[in-house]
Amino acid sequence: MKLGKRVVSLLLALALMVTLVVVPSFESKAYTEYPKNLVQTSASGNNVSFKWDAVAGATSYSITITIGTTSGQIVKTDSTTATSYTFAAPYRGFRYYALVTAVGADGTTSATAYLSIYSAPMTPGNIFVYSWKPKTNKPYIEWASYSSDTYSYVPSGYEVKVTTLAGKKIKTYKTTSRYLNKAISKIKNAGFKVQIRSYANVTNSAGNITIWSDWSKAKAFVPQPQPKSRHYIGSSTSTVTWNKIKNAKSYTIYKVTGSYGNYKFKKYKKVGAGTTSITVPRSLGSVTIVPEVKVKGKKYKWNKKDFGYFYGVSV
């Protein structure tokens, strides 16, 4: 009888050992799964955020951030116990990859989940007016918004905020082009300010998000009056007239020499705000008129560096 009990006890012990060997532990099974539903959640300034579903049994997650491709330059490696992560992107307007691996208590790792993610778009710069007839209200505004680097991306579109020189909002436009050629109220023969920001639509499995650049600094533009007539007086002088520019405090007449891409201005004479006509010697050859305006105590002047070309007239 005692022998029988010993045999039964031995058999039960063996059965228990087999169970322990054959049935995997809960933790061992869980952290061999890869993180699912990896999605980007936001990008603002230099910060880029993403998240994923928790992996049962994982005690932490290994994070790697690369530029451009999964095997690209590594910009960040880290570990977290959370199921979301935010990192500071070294470059705005670039495409990155997030690689996330679940790690178990014994150091066993899962397969790696990866996702293409995007830093906030570059803030538009080099804003200038390619052309603008000041007697109209339709300037052709252009800007730069992304680099030519292999891993940079083209924004989905832009918002263009236009205000008066006094800062009063006129309108905010939305465009997918890197230019704006619209009729804008309140700027006929008047200056204005413009701010631009880029946006990018990022596609995720859980839905799309829109990420934005910072607004550019406000850029002020003062129109150059377009000479509207020219009258010869005798053989040595000529009279040039122009339309008044709003808030003008003075106009400076310059002699123009040189050719396209290398024009040079030499000051000839400065006249007051009430003057819109001047007689000049024809020996000047060609002249252009530059206004200076004053709004809320601040002076603004037409600058040829901010325009694609200028208006001049042969005298």
> CH2/W212 to OG/S198 distance, rounded to the nearest 0.5 angstrom?
Replying inline: 9.5 Å
> When rounded to the nearest 0.5 angstrom, what is the spacing between OH in Y268 and CD1 in I253?
Replying inline: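 It comes to 8.5 Å.
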Check for me whether [X] meets the cation-pi criterion with [Y], that is, NZ or CZ under 6.0 Å from the six-membered ring centre and within 45 degrees of the ring axis.
X: K304; Y: F265; result: yes
X: K174; Y: Y199; result: yes
X: R178; Y: W143; result: no

Taking [X] for its side chain and [Y] for its backbone only, find out whether a donor-acceptor pair lies under 3.5 Å.
X: T80; Y: A82; answer: yes
X: R282; Y: T237; answer: no
X: S42; Y: I211; answer: no
X: T163; Y: K169; answer: no
X: Y251; Y: I245; answer: yes

> Parallel, tilted or perpendicular: which fits the ring planes of F87 and Y96, with parallel below 30° and perpendicular above 60°?
Replying inline: perpendicular
Does atom [atom1] of [X] have more than 12 heavy-atom neighbours from other groups under 6.0 Å away?
X: Y173; atom1: OH; result: yes
X: K133; atom1: NZ; result: no
X: K246; atom1: NZ; result: no
X: Y309; atom1: OH; result: yes

> Checking side-chain hydrogen bond (donor to acceptor under 3.5 Å, both in side chains) for the pair D106/T108: CA distance, chi angles, key distance, verdict?
Replying inline: CA-CA 6 Å; D106 63 354; T108 302; 2.9 Å; yes
Side-chain heavy-atom pair [X], [Y] within 4.5 angstrom cut-off:
X: I63; Y: T77; result: no
X: V293; Y: L165; result: yes
X: S71; Y: T66; result: no
X: E159; Y: W215; result: yes
X: D78; Y: K76; result: yes
X: K171; Y: I184; result: no
X: S110; Y: E33; result: no
X: K186; Y: K168; result: yes

> When hydrophobic residues are tied together by side-chain contacts of less than 4.5 Å, even through go-betweens, does F307 share a cluster with I141?
Replying inline: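 Yes, because F307 and I141 connect within a single hydrophobic cluster, where side-chain heavy atoms sit under 4.5 Å apart.
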>> Test of understanding: clusters of I, L, V, M, F, W, Y form through side-chain heavy atoms closer than 4.5 Å, transitively. Do L180 and I170 belong to the same one?
In response: yes
>> Could you report the tightest heavy-atom contact between S277 and T239, atom names first, then the distance?
In response: OG-CG2, 3.4 Å
Between [X] and [Y], is the gap from one ring center to the other below 6.0 Å?
X: F310; Y: Y263; answer: yes
X: Y61; Y: W52; answer: yes
X: W242; Y: Y311; answer: no
X: F221; Y: W132; answer: no
X: Y146; Y: Y153; answer: no

> Going by atom types alone, do D53 and N37 pair a side-chain donor with an acceptor below 3.5 Å?
Replying inline: yes
>> Can you see whether T101 engages S62 through a side-chain donor-acceptor pair at a distance of less than 3.5 angstrom?
In response: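 No - no donor-acceptor pair under 3.5 Å links their side chains.
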> Step by step, would you call T210 with N201 a side-chain hydrogen bond (donor to acceptor under 3.5 Å, both in side chains)?
Replying inline: CA-CA 5 Å; T210 300; N201 296 321; 3.0 Å; yes
> side-chain contact (heavy atoms from CB on, under 4.5 Å) with K301: which residues, sequence neighbours excluded?
Replying inline: Y254, V290, E292
List the atom pairs, with distances to 0.1 Å, where a side-chain N or O of residues 116-126 and a protein N or O form a donor-acceptor pair under 3.5 Å, not counting sequence neighbours.
from	atom 1	to	atom 2	distance (Å)
S119	OG	Y91	O	2.9
S119	OG	G93	N	3.0
S119	OG	F94	N	3.0
S119	OG	F94	O	3.3

> Quick one: which of S216, S213, S145 gives a side chain to side chain donor-acceptor pair (under 3.5 Å) with Y158?
Replying inline: S145
>> Side-chain heavy atoms under 4.5 Å apart, restricted to Ile/Leu/Val/Met/Phe/Trp/Tyr: what other residues fall into the cluster of I74, or is it alone?
In response: none
